[in-house]
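Take a look at the structure set out below.
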Amino acid sequence: MSTARPAVDAVIVGGGWTGSIIGKELAAAGLKVVMLERGEARWTSPDYQSPQVHDELKYQRRNHTHQDASKETYTFRNTVAQTALPMRRFQFAFPGSHLGGSGMHWSGALYRYDENEFRFRSHYTQRYGAGILSGDITPRDWPLSYAELEPYYERFERLAGASGQAGNLRGKLQPGGNPFEAPRQGPYPNPPMRVPYAAALFGEAAAGMGYHPFIQPTALATRPYVNSEGLPMGACMYCGFCSNHGCEHYAKASPQVCILPNAIKLPNFELRTRSHALRAELTPDGRRATGVTYVDASGQEVFQPAEMVFFCGFAINNVRLLLLSGIGKPYDPRTGEGTVGRNYSHQTTASVNLFFDEKTTLNPFMGAGASAVTMDDFNGDNFDHGPLGFVGGGYIQIQVVGGAPIGFRPAPKGVQSWGSPFKKAMARYWNHAMPIQITGASMPVRGGGLDLDPTYKDAYGQKLLRITYDFSDNDIKQSAFLTAKAEEIGKRIRGVQISEPNPRTKPYSSIGYQTTHLTGGATISANPREGVVNRFGQSWDVPNVFVAGSAVFPQNSGYNPTGTVGAMSYWLVDALKREYIRNPGPMVRL
Amino acid sequence: MSGAVAALAAALLAALPVRAALFDGILGAGRGGEPSGVPNFAAVRPPAAWEAALAQGNPETGRTLYATGQTGETGIRVMVCQSCHGANGVPSAGAPMSRLAGVSADYLAKELFDFQSGRRDNEVMRQIAHRMSPADIGSVAVYLASLPPAPFKAPPASGNDIGRRIQELGDNARAIPACGNCHGPQGQATDQLLPPLAGVDADYLRSQLQEWRSATRKNDDEGVMRAIAHGLTDEEIRSLANYYASVR
């Protein structure tokens, strides 16, 4: 039996990027907004200052900024023929928790998708014939174009203090940028990151082979910057403790640096932390949400009535919320029926480990979450897929993130991983090793998806989300191709003595970190048969429920998703201000 | 945007040189030798003037220069450094000078070049630096860096609470990071390009924070100190200065 709070216009589940943008914009438009964040309120000062924030054990190993797997985890299996088991410890990805969510602990790589990504299926079919999309993969077109989203990409970049060199300004290629990028209307707000030595060596080798390396764009401000909200950001100090940590310098864009202080100033915006949302409640006919039930800090169930419900939690957790709320028809991979949970994918990562001579000193500790030299020559459809037999591509880069000693222990294959030989290898290679990283697109497969586990429950008694996923042959071929290309570059890098390629192999394993870019399950579609939400993120089934974040992506690209996540949040909120608020109801009528 | 932040935004735009093309034209060559549009990642930044000077530095020459004002060039003398900055690079208590002993050679050399060029504005130091050659600068820098710093004493448990809080935690509302993040706990930095603050004279530190705040001093990388100091109040500057001075 829950206590009910006074009704509001909008209840937002999740205190990350999407919830913060949507919540603040709706409150600024005059709506009464409540944001429910399951974790604690944490702010740059005092919570993320040195020296304590440079604690690798706490932040990178003991999940200080992540979802608590002992309370809520996922079960995992590769195929429906297997029984899924719970992940006791997150290794495959780091779902975020606490204020800011993954948007606080992320690494700041900031990309726009390219034009072809939004018409993925049509584009590949037109250029290569439908046969190139192998039988088991199910990528789709988005029901919107890059051109429509472009102004919203720019808005998010100005919010985040994006640092980079434009490669394509209004169709005109710009020196020093990425020649493959989709056209931008304006430059980045801040200049590009400084280039770590290992990344420069990569760029030198790649350029020498005729490729087009460029400095990766980031949401790590490269100089003091006042963002589009009028909030100040500091300059990145390349401290080497970025990913999974809070940024002590206010340089890494996060909700609590870039927008929440302004949301909280609004009298009609209320942030409730330690408030764990259980589900949306629906009217008896299931056509309308009445609000959200959540568990507050004292363990009591509370009902928050609202006119609009926003699922803004971590990526696939929004799919779980839909399933637990009984919204939409769950996907069954055996029959192919239903939409909620369909088209889940992760990302296809690979690496080439490089070991350098002793003269080449790399100083890995001078790193930032996204300071990299990267190239898109083999991303998207920037190369001829015809003879290759797969779709999608990825970026190839050297990114210098840090050299923290628990995680950074490079040694060539064959060196035993304990004792005296191990220590000798650490001494020899710690300052003379760096991997080339490959981040590739990831296709959803017909036999995979997300649903509610029949056996395992979370600490609140609710069914866990079950992930059924394996790589498609498409992705394995793609990874082999990209890794071979990366190895060719690696061998030409000055100082390299040993190069070890590690292409992705099957089966997909949930016990190695890949990326935190989980996508799909609540996919965006042109009609309710194919997906869960319309082009704005509004549920086809329950029009006052909205889903934000990467759960709406129909497949994952060879880029980091957060730029698109931020852009889509502004896109949704503009549609709400333009249409829904004055005239509630389905915004896409068929 | 609040008034204070709007002022900060305007100050940043006015004071910082906007980088034009990132590589200022240092683009790589394509296969045929034409500019390819790809940055030249093999380009090596030439060493900054102060880096080159350090390579020429001789601590013995530096010791002589510091104590007598005698530069490496016969007949050219400067004001004797130690008469203001103290014997052994530690100014006497109450002297509003920066401490130099045990400070990074890189930082000291850079500041001397900045005084010389006017990038850091101080007439007395400009006259002195003006008469020093790169080798002189390098020598005095490596000499001072080799000296033991003044003994560290933990600050008293209470007092200067405002300064103590800012140096330890910063301030969220103004996006001010804790001073200690860069300058070290209780100001005991060992970084190459920024000074330790432990034991610095209170009047000197107050004057520098005020100069950062008004952007009178502007030789900081990316304008970081200007942006940080911009939001500090007079009371906070006073308290920070007193706090760091108490660490001696």
Side-chain angles (χ1 to χ4, degrees), chain A residues 43-51 53-54 164-165 167 173-177 179 190-192 195 199-208 210-215 221-237 239 247-251 256-257 261-262 373 375 494, chain B residues 1-2 4-13 15-16 18-31 35-45 165-166 168-182 184-185 191 220-228 230-231:
Chain A
W43 302 91
T44 305
S45 172
D47 299 299
Y48 297 129
Q49 296 298 297
S50 272
V53 80
H54 287 194
Q165 175 73 31
L173 292 187
Q174 306 292 312
N190 285 312
V195 178
L201 289 171
F202 171 84
E204 179 191 37
Y211 298 132
H212 304 83
F214 59 98
I215 299 175
T222 47
R223 59 184 177 184
Y225 174 75
V226 177
N227 77 356
S228 55
E229 285 287 324
L231 293 169
M233 295 176 70
C236 175
M237 293 291 159
C239 74
C247 173
E248 73 234 55
H249 298 288
Y250 302 85
Q256 51 263 71
V257 168
N262 282 359
V373 170
M375 56 181 250
R494 270 193 289 146
Chain B
M1 179 180 311
S2 77
V5 176
L8 169 64
L12 284 177
L13 284 170
L16 295 175
V18 176
R19 279 198 220 164
L22 160 71
F23 287 91
D24 297 334
I26 306 176
L27 296 171
R31 292 263 176 76
S36 71
V38 174
N40 182 2
F41 289 107
V44 178
R45 178 179 60 83
R165 204 193 74 244
I166 292 177
E168 189 178 316
L169 297 174
D171 180 75
N172 204 70
R174 288 166 286 171
I176 296 176
C179 314
N181 291 339
C182 294
D191 297 64
D220 53 333
D221 265 357
E222 308 296 348
V224 170
M225 276 312 303
R226 281 171 277 170
I228 286 171
H230 189 88

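In what follows, every chain begins at residue 1, and chains take the letters A, B, ... in the order their sequences are listed.
At a 4.5 Å heavy-atom cutoff, A:Pro261 makes no contact with chain B through either its backbone or its side chain. When heavy atoms are compared at a cutoff of 4.5 Å, B:Arg165 does not approach chain A at all. Interface residue A:Val373: only side-chain heavy atoms are found under 4.5 Å from chain B. Looking at B:Ile176, only its backbone comes within 4.5 Å of chain A, counting heavy atoms on both sides.
Closest of all the heavy-atom pairs between A:Ser50 and B:Asn181 is N-OD1, 2.8 Å. Here the closest non-hydrogen pair linking A:Gln49 and B:Ala178 is OE1-N, 2.7 Å. Taking each heavy atom of B:Asp171 and A:Tyr250 in turn, the nearest pair found is O-OH, 3.3 Å. Here the shortest heavy-atom pairing between B:Ala42 and A:Glu204 reads CB-OE2, 3.2 Å. Across every non-hydrogen atom of B:Asn172 and A:Thr44, the tightest pair is OD1-N, 3.4 Å. For the residue pair A:Pro213 and B:Pro39, the shortest heavy atom distance occurs at O-CD, 3.6 Å.
Two residues are said to be in side-chain contact when any heavy atoms from C-beta on lie closer than 4.5 Å; B:Val224 and A:Met237 meet this criterion.
Of the residues considered (B:Ala175, B:Gly231, B:Pro177, B:Pro185), B:Ala175 shows the highest number of contacts with chain A, using heavy-atom pairs under 4.5 Å.
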Would you please test B:Phe41 and A:Ile215 for side-chain contact (heavy atoms from CB on, under 4.5 Å) and show each step?
CA-CA 10 Å; B:Phe41 289 107; A:Ile215 299 175; 4.1 Å; yes

